Each structure stands twice: as structure tokens, then as C-alpha cells.
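Here is the structure we will look at.
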Protein chains: 2
Amino acid sequence: MARTQGSHSDITGPKVRETALRLFAQHGYAAVSMRQIAREVGVQVGALYNYTPDKQALLFSLLKGHMDELLATWEAEPRPEGPRERLEAFVRFHIRFNLDRPQAIFISYMELRNLAPENFAVIEAQRKLYEGALEAILRDGQAEGAFSVPDTRLASYALIAMLTGVNTWYRAGGRLSIDEVADIYWDMVRKSVSAG
Amino acid sequence: MARTQGSHSDITGPKVRETALRLFAQHGYAAVSMRQIAREVGVQVGALYNYTPDKQALLFSLLKGHMDELLATWEAEPRPEGPRERLEAFVRFHIRFNLDRPQAIFISYMELRNLAPENFAVIEAQRKLYEGALEAILRDGQAEGAFSVPDTRLASYALIAMLTGVNTWYRAGGRLSIDEVADIYWDMVRKSVSAG
DNA sequence: CCTTGTTCTGAACGCTCGTTCAGTTAATCT
DNA sequence: AGATTAACTGAACGAGCGTTCAGAACAAGG
């Protein structure tokens, strides 16, 4: 029996991606089998290959989709005047975006090494684009005298790591709301780049 | 033929651990096979089981050894007077310790989910002990009025993430020495916890 | 109602996995 | 020299892996 009622490409396709994202985030790409994904989707393993040419392409597609959305959403954000305001916008955007998609963020940082080299290069370029946006803000602010940052490249790495770290401990429904978390992080970021 | 000349437990044992650490860091626990470890050590796969009861115990032993060393080394560090001096000591210690053992740090953050639950609990408790040391410094400094940190728990997470992030970009022989990196990070940390 | 095309099943392919173990080799002990 | 033991080999175990594919089931179009 195939094609049971209500089972279409429009439903199975997204379901495959959602399930793969969840399982990859939970157990890691290498530890998750195609059969396991199929079981949770509710199909036989062969059916998965209607939606991806292979397992590697499935991982890449998830990461690529995530990075595309990250870059597009960031570029659609309002761009305030002044380095300080722009830095604040970046901090709040990054925290909000990350906390809204914990699984995608997780595999974006953990599964890079499981990408084939040519796929890795694509994702890495996108990530550098995004991190470059932060460094540009720091550089402008330093030039204008708004910040005191001796090494903007290094500072951008430090701040990105700090902000992305939110995902390791934040749990929805905890004692702090996303906005409260963003307030506290922005306070630390603001001071860390100011004249000391 | 077994027991070729110069091949003893004293040599093979450490070699197994070193090789496993390197491969786990490079490809991930789930993606590395016992046969691959054996090949790089230069023995048949069966010989590995003279040094570990199974693959999981090998991972746990590496992580446990690393955490033991981290805690012991930190406790052996001189403990300066005053919160500000103690915070600086922590920052410099953390960066130095991490950059000296990039592979062990890497698997300590990446392979936690591949630990069996009872093993995970052990490592997690040790990690909390270490992170608690930072929070205690922040709490004392806040109480004494040396720092301005509204939420010491959250600030400790933020700082740990920032400091640990050094490992993702630092490469020995780059344009900055470890001490120069530590100077810059300490500058940012110092300002981020100060009155703004 | 019959054809066409999409979606899925069920089974199979060759391969690798972690782990076990009887037997072999070589160093050590008596 | 002979016995003992630690270290390792070589082969095997059952299980699971990613991937392929012929054919079945169903929806849609004429």
C-alpha cells in the first residue's frame, strides 16, 4: 500500500526537513540514520530520496536555508543612525533571531565539519558575511571615536561568541524574557566597547 | 605475529588516548570508528579493548581526564586579593588553559550529547563547579561594589562563552601571541563588568 | 473509465559498525 | 630452559548503515 490518504509531497517534504533538523540537533548528523528520520516522519526509508538526493544534501540544505534566512532577515532590519545605535540593533537582532531558532543555530555551529568541503565553503562564506557586518559597525564606531576597540576583528569574534552563547543556557519559560536577556547582554556589550 | 619489538602497554595505551582525542576532535565521536583509531595507532582493532572496555568509556575517560586537570590546575593557581585581580586571573587562566589544549576543549563542548546519561551527569557537575568559580568572583565583586553586574549568573555565562570562543579562531603562529590575546580579552571583560 | 504521473512500499545491495575470542608471539620469571 | 603472562592478531558475529529500484497504490486529467 502506497499513497495513503492525505499523504502528499506538500506535507511530507517539510516534515522530512523538520524531523531531520530536530534529530540532527538532538543527536548529531553522524549519529542519526536515514531510517530513523523515516520512522519519525512515518514513511519507509526509500521515500526520503524523493526529497533529497542523499543525506549530505539534506544537511547542507538545512544549513543553507538557515543562513539565507539569517542574512535576508538582517538586511531587512531597519538600520539606525550612529554606530552605537547600530551595535545595539545588532545585539538585539542576534539574540532574538538565535533564540527563535535554537535547533538551526545549534547545527549551524556543530555540524560544519560534517559538510563536504565544497558545501562547507558556501556556508563559511555566508557566515563571514554576517560576522563582517558586526565588524563593520565596530570599525565605524572606532573611527568616529564612539567606541574604544583596539582590535575590531578580535572584538567582533568575542562579541559574537558571547551573544551566541545565549542558546546554551536559555530556556523558554525561564525567569527571564528574551527582551530582558537582550537588555542585560546589550549592557555588557555597550560597556565592553566603550572607553574604559 | 603479535608483540613486535618495542610495542608495550606503556606506549600503546597513551597512543590510543592521543589518537582518539585527535580523531574525535577532528571528525566527531560518532563519525570515528574503532577501526580508524586502531589503524592510526598501528594495531588491529581488537587490541584497543585492552585499554578501554568500549568506545563510550574511551570518550568519557578523555572528558573526565580533561575536567579533572582543569579543576586541579585552577585550584593550584595563586588566588590574588580583591575581586578585580581575581577576575583578571580567571580570564588569563581560562584563555591560556584553553589555547594549550584546543582538542580537549573542543570535544568537551561538542561531544557532551554523545555521553551516556550517567557519564554526562559527572562531566556536567564538574563543569558547573568550574563556572561557579567565575560566578563567585562576580558575586563577591558586586557585593563589594567593585563590579556593576545586575545578574551574576547570566554574566558568568556570557563571559565564559566569550572567553571559550577564542578557540574557534586562534591559530598558533598567527599575528597575536597568547598573551596579547589575553590582554585584549581582559580589557573587554574588565569594562563589561564595570560601572558603565 | 482509462491513462498518466506522483508518491510510497518492500526488499535488496554491498559495506561498515562495535565487540568478542581462540590462538600466536614475545618478554619476563623461576 | 621451561613455564607463565601480557599484548596482539586475525577472523568472525549480528546488526545497522546509505542508497537503489521494481512495482504497488492512489490522485488527477482527458
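Residue numbers start from 1 in every chain, and the chains themselves are labelled A, B, ... in the order their sequence lines are given, proteins ahead of strands. Every heavy atom of this structure was used, including side-chain atoms; hydrogens, water molecules and symmetry mates were not. These figures come from a predicted structure and were not determined experimentally.
A salt bridge between Arg175(B) and Glu180(B) is absent, with no side-chain N of the basic residue lying under 4.0 Å from a carboxylate O of the acidic one. The existence of a salt bridge linking Arg92(B) and Glu88(B) is confirmed by a sub-4.0 Å separation between a basic side-chain nitrogen and an acidic carboxylate oxygen. A salt bridge does not link Glu81(B) to Arg86(B): none of the charged side-chain nitrogens sits closer than 4.0 Å to a carboxylate oxygen. Taking 4.0 Å as the cut-off between side-chain N and carboxylate O, Asp100(A) and Arg96(A) do not count as a salt-bridged pair.
Residue order along DNA chain D, read from the 5' end via each residue's closest nucleotide, puts Gln36(A) first among Gly46(A) and Gln36(A). Mapping Val45(B) and Asp10(B) onto DNA chain D by nearest heavy atom places Asp10(B) at the nucleotide closer to the 5' end.
Summarising the geometry, the separation between NZ on Lys15(B) and P on dC8(D) is reported as 10 Å, rounded to the nearest angstrom. Across the protein-nucleic acid pair, Tyr49(A) atom OH and dC13(C) atom P stand 17 Å apart, rounded to whole Å. Residue His27(B) contributes atom NE2, which lies 12 Å from atom P of dC17(C) at whole-angstrom precision. Protein atom CE of Met34(A) is 18 Å distant from nucleotide atom P of dG10(C), rounded to whole Å. Regarding Leu48(A), its CG atom lies at a distance of 13 Å from the P atom of dC17(D), rounded to whole Å. Atom NZ in Lys55(A) sits roughly 19 Å away from atom P in dC15(C) (whole-Å rounding). Residue Arg39(B) contributes atom CZ, which lies 14 Å from atom P of dT9(D) at whole-angstrom precision.
Here Thr12(A) reaches the OP1 or OP2 of dC8(C): one of its side-chain N or O atoms lies under 4.0 Å away. Between Ser33(A) and the phosphate of dC17(D), there is a side-chain N or O to OP1/OP2 separation shorter than 4.0 Å. Checking the phosphate oxygens (OP1, OP2) of dA6(D), no side-chain nitrogen or oxygen of Tyr51(B) falls inside 4.0 Å.
Contact annotation: side chain of Arg35(A) to base of dG16(D), donor-acceptor pair absent below 3.5 Å.
Side-chain contact check for Thr152(B) and Glu135(B): at least one donor-acceptor pair (N or O, by modelled atom type) lies under 3.5 Å.
Out of dT19(D), dT20(C), dA7(D), the shortest distance to the side chain of Asn50(B) is found at dA7(D). Of all nucleotides listed (dT9(C), dC8(D), dG18(D)), dT9(C) comes nearest to the side chain of Gln44(A).
If you check every strand for non-hydrogen atoms under 4.0 Å, Val32(A) touches sugar and phosphate atoms only.
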